[in-house]
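What follows is a set of notes on a single structure, which appears directly below.
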There are 2 protein chains.
Amino acid sequence: MAAKPSSARGKQSPRRGASVQPLQEPRGEPPLSLERIVATAVELLDAQGVDGLSMRRLADRLGSGAMSLYWHVDSKEAVFDLALDSVLEYRGPPRAPAPQDWRGEVVHMLEDWRASMLRHPWSASLLPRRALGPNILSRLELLSNALSRAGVAQADLNVAIWSLWNYVMGATITRGSFELSDNDRVAAQQRLADLGERYPTIERSHLLLDDNWDGTFRKGLDFLLEGLAPKQ
Amino acid sequence: MAAKPSSARGKQSPRRGASVQPLQEPRGEPPLSLERIVATAVELLDAQGVDGLSMRRLADRLGSGAMSLYWHVDSKEAVFDLALDSVLEYRGPPRAPAPQDWRGEVVHMLEDWRASMLRHPWSASLLPRRALGPNILSRLELLSNALSRAGVAQADLNVAIWSLWNYVMGATITRGSFELSDNDRVAAQQRLADLGERYPTIERSHLLLDDNWDGTFRKGLDFLLEGLAPKQ
DNA sequence: GATTGACTCGTACAGTGTACGATGCGATCT
DNA sequence: AGATCGCATCGTACACTGTACGAGTCAATC
């Protein structure tokens with residue numbers, strides 16, 4: 001009768017080979033562990049996308065049986081949660097920032113956030129309705145802290161945090177929606193031209209053709225920060 | 001050999017009962033049609049969420065066989081696309097806006113957008129990576145048009161549009177992430193308190209407890225608009 | 001009367017998440 | 001020494017998924 005560890009995962013264990021030699025598993029896979037499961041899930045997601053991740057495929061890659069995963073993990077949903085959070089670790093700016101440069105700090109963190117998610121395109125579609133992992137919380141903490149130092153009034157603090165958070169989330173999932181479809185975008189613009197009368201303004205502005213996503217993201221962020229904490 | 005209509009759907013047809021009487025299907029379901037399929041899909045999504053929609057269940061509700069749907073629809077993905085766009089129709093403000101009140105127009109449309117999506121909580125998680133339907137394009141057009149009239153420089157127009165779009169998208173999916181979990185939010189705050197040292201600032205600001213989502217959304221929107229097109 | 005095309009649907013297949021219970025293993029206790 | 005116990009692995013089974021394929025129905029047309 002194994003106890004189901006449910007949300008308390010299996011801790012690391014000596015298990016085998018702790019004596020002198022691995023006995024006789026020279027090329028056997030290392031034992032399962034949460035870390036290995038999550039890392040492999042990220043690999044698989046990177047390679048095959050959200051639909052490519054199945055418990056059986058994941059187990060195959062790990063050299064184990066599908067049901068073995070459930071010792072370490074509650075469900076497939078939990079694998080998604082863990083994979084998402086693991087991809088969002090933040091290491092901070094390259095060198096310690098000047099304490100008064102809150103703006104640079106915020107911009108760096110948010111650009112890194114966006115870059116992390118774009119590096120793993122599946123993450124954007126996972127974000128809605130996922131749990132708050134520790135790495136996500138850390139980023140919120142940094143944001144909160146920097147904005148406090150920036151002199152944002154306490155009453156406006158939460159508004160400011162959510163505004164920035166929302167902006168970055170939205171920018172990331174939007175970019176995700178359009179990234180794949182270079183040809184499609186041209187096609188869409190064409191379709192727009194055909195229906196010219198219904199969408200004249202966005203047709204004229206080439207909204208769907210503009211692919212300077214990074215610049216657009218950065219500029220919009222500046223506008224928003226300007227609204228939240230005017231430079232002087 | 002029926003021709004696969006693929007993306008060209010079956011048009012409306014007289015089919016049956018066009019003569020004088022419905023012959024003898026007094027309580028039979030009306031015939032399948034794209035509209036009926038999409039409307040029923042929305043019902044089902046509202047009732048059971050994203051995971052609750054399966055082609056078989058959808059067909060059951062329609063009183064037809066599962067495979068019959070595929071005459072009208074390419075795939076389940078297409079059903080998602082159509083359901084999403086159908087929920088995003090915009091009827092405009094209650095009365096015709098004064099032409100110079102671009103700000104009111106934008107705010108109304110964006111609040112309506114957000115409200116529409118919150119009325120159908122599944123929509124937020126569908127948004128990433130979905131196609132641009134006509135209703136979505138209409139909203140972009142309105143945004144684009146209003147901002148032009150607001151005097152936003154042509155060079156900044158796309159940035160402005162995307163910024164607002166991003167903000168609303170993000171706000172919507174974020175709200176979606178937290179809405180269900182009132183108890184969870186308290187639990188999260190508790191967990192935060194336990195780990196007090198790691199997240200002091202967000203713990204102090206009660207970021208996760210604040211549930212004035214509508215007000216926060218509106219205030220953040222004002223900040224952003226202020227950044228994009230200062231009042232004078 | 002034959003043909004066509006629009007439309008419906010039963011069957012089948014490969015794949016899914018995971019409940020359940022059997023099994024093995026190292027460490028601990030008697 | 002044997003018995004016991006907890007961790008960990010995994011084969012089998014079940015209910016369910018999306019959809020390919022091809023047979024079927026029925027009204028309109030030739």
Side-chain angles (χ1 to χ4, degrees), chain A residues 1-6 8-25 28-37 41 44 48-81, chain B residues 1-6 8-25 28-37 41 44 48-81:
Chain A
M1 293 140 218
K4 278 193 185 178
S6 268
R9 291 84 173 209
K11 308 169 62 174
Q12 82 291 9
S13 64
R15 227 189 61 119
R16 78 172 108 211
S19 50
V20 187
Q21 297 277 7
L23 213 66
Q24 61 179 59
E25 299 212 17
E29 313 277 345
L32 278 182
S33 70
L34 239 207
E35 293 78 38
R36 232 161 67 75
I37 291 176
L44 223 165
Q48 321 246 30
V50 179
D51 295 336
L53 177 64
S54 83
M55 296 304 267
R56 273 173 257 251
R57 268 213 274 273
L58 181 52
D60 273 1
R61 275 207 182 207
L62 287 159
S64 76
M67 290 313 291
S68 306
L69 305 178
Y70 284 87
W71 178 259
H72 304 268
V73 148
D74 277 351
S75 64
K76 190 189 181 182
E77 296 288 286
V79 176
F80 280 138
D81 286 345
Chain B
M1 291 139 212
K4 279 193 183 178
S6 269
R9 294 86 172 203
K11 309 171 62 176
Q12 83 290 10
S13 64
R15 225 185 65 114
R16 79 173 108 208
S19 50
V20 184
Q21 298 276 5
L23 214 67
Q24 61 180 58
E25 299 209 16
E29 313 275 347
L32 278 181
S33 69
L34 238 205
E35 294 77 37
R36 233 162 66 76
I37 291 177
L44 223 165
Q48 321 245 29
V50 180
D51 295 336
L53 177 64
S54 82
M55 296 304 267
R56 270 173 261 250
R57 269 212 274 272
L58 181 52
D60 273 1
R61 275 205 181 211
L62 287 159
S64 77
M67 289 314 289
S68 307
L69 305 178
Y70 284 88
W71 177 261
H72 304 269
V73 147
D74 277 353
S75 64
K76 188 188 184 183
E77 296 287 288
V79 176
F80 280 138
D81 287 343

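No experiment lies behind these values; they were computed from the predicted model shown. What's counted below: heavy atoms across the whole structure, side chains too, no hydrogens, waters or symmetry copies. In what follows, chains are A, B, ... by sequence order, proteins preceding strands, each numbered from 1.
L53(A) places a side-chain heavy atom less than 4.5 Å from the side chain of F80(A). Contact of the L44(B) side chain with the R57(B) side chain is registered, since non-hydrogen atoms from C-beta on lie closer than 4.5 Å.
For the atom pair R56(A) CZ and L58(A) CG, the distance stands at 12.5 Å (nearest 0.5 Å). Atoms CG and CD, on D51(A) and E77(B) in that order, are 7.0 Å from each other to the nearest 0.5 Å. Atom CG of L69(A) is separated from atom NZ of K76(A) by 12.0 Å, given to the nearest 0.5 angstrom.
Regarding E77(B), its CD atom lies at a distance of 16 Å from the P atom of dT17(D), rounded to whole Å. Rounded to an integer number of Å, the gap from CG of D51(B) to C1' of dT16(C) is 12 Å. The distance between atom CG of L44(B) and atom C1' of dT17(D), rounded to the nearest whole Å, is 15 Å. Put simply, CG on L69(A) is 11 Å from C1' on dT18(C), counting in whole angstrom units. The distance from atom CG of L58(A) to atom C1' of dT16(C) is 14 Å, rounded to the nearest whole Å. The separation between D74(B) atom CG and dA20(D) atom C1' is 14 Å, rounded to whole Å. Rounding to whole angstrom units, OH of residue Y70(B) and C1' of dG22(D) are separated by 16 Å. The distance between atom CD1 of I37(A) and atom C1' of dC10(D), rounded to the nearest whole Å, is 13 Å.
Taking side-chain N and O atoms only, H72(B) has no distance below 4.0 Å to OP1 or OP2 of dA6(C). Taking side-chain N and O atoms only, S64(A) has no distance below 4.0 Å to OP1 or OP2 of dT9(D). Residue S68(A) has no polar side-chain atom (N or O) positioned under 4.0 Å from OP1 or OP2 of dA8(D).
Of the listed nucleotides (dC9(C), dG18(D), dT9(D)), dG18(D) has the atom at the smallest distance from the side chain of S54(B). Set against dG18(D), dA6(C), dG17(C), the side chain of R56(A) has dG17(C) as its closest nucleotide. When the nucleotides dC7(C), dT9(D), dT18(C) are ranked by their closest atom to the side chain of W71(A), dT9(D) comes out on top. With dT16(C), dT8(C), dC10(D) as the choices, the nucleotide that has an atom nearest any side-chain atom of M67(A) turns out to be dC10(D).
Residue contacts shown for L53(B) are limited to sugar-phosphate atoms, with no base heavy atom under 4.0 Å away.
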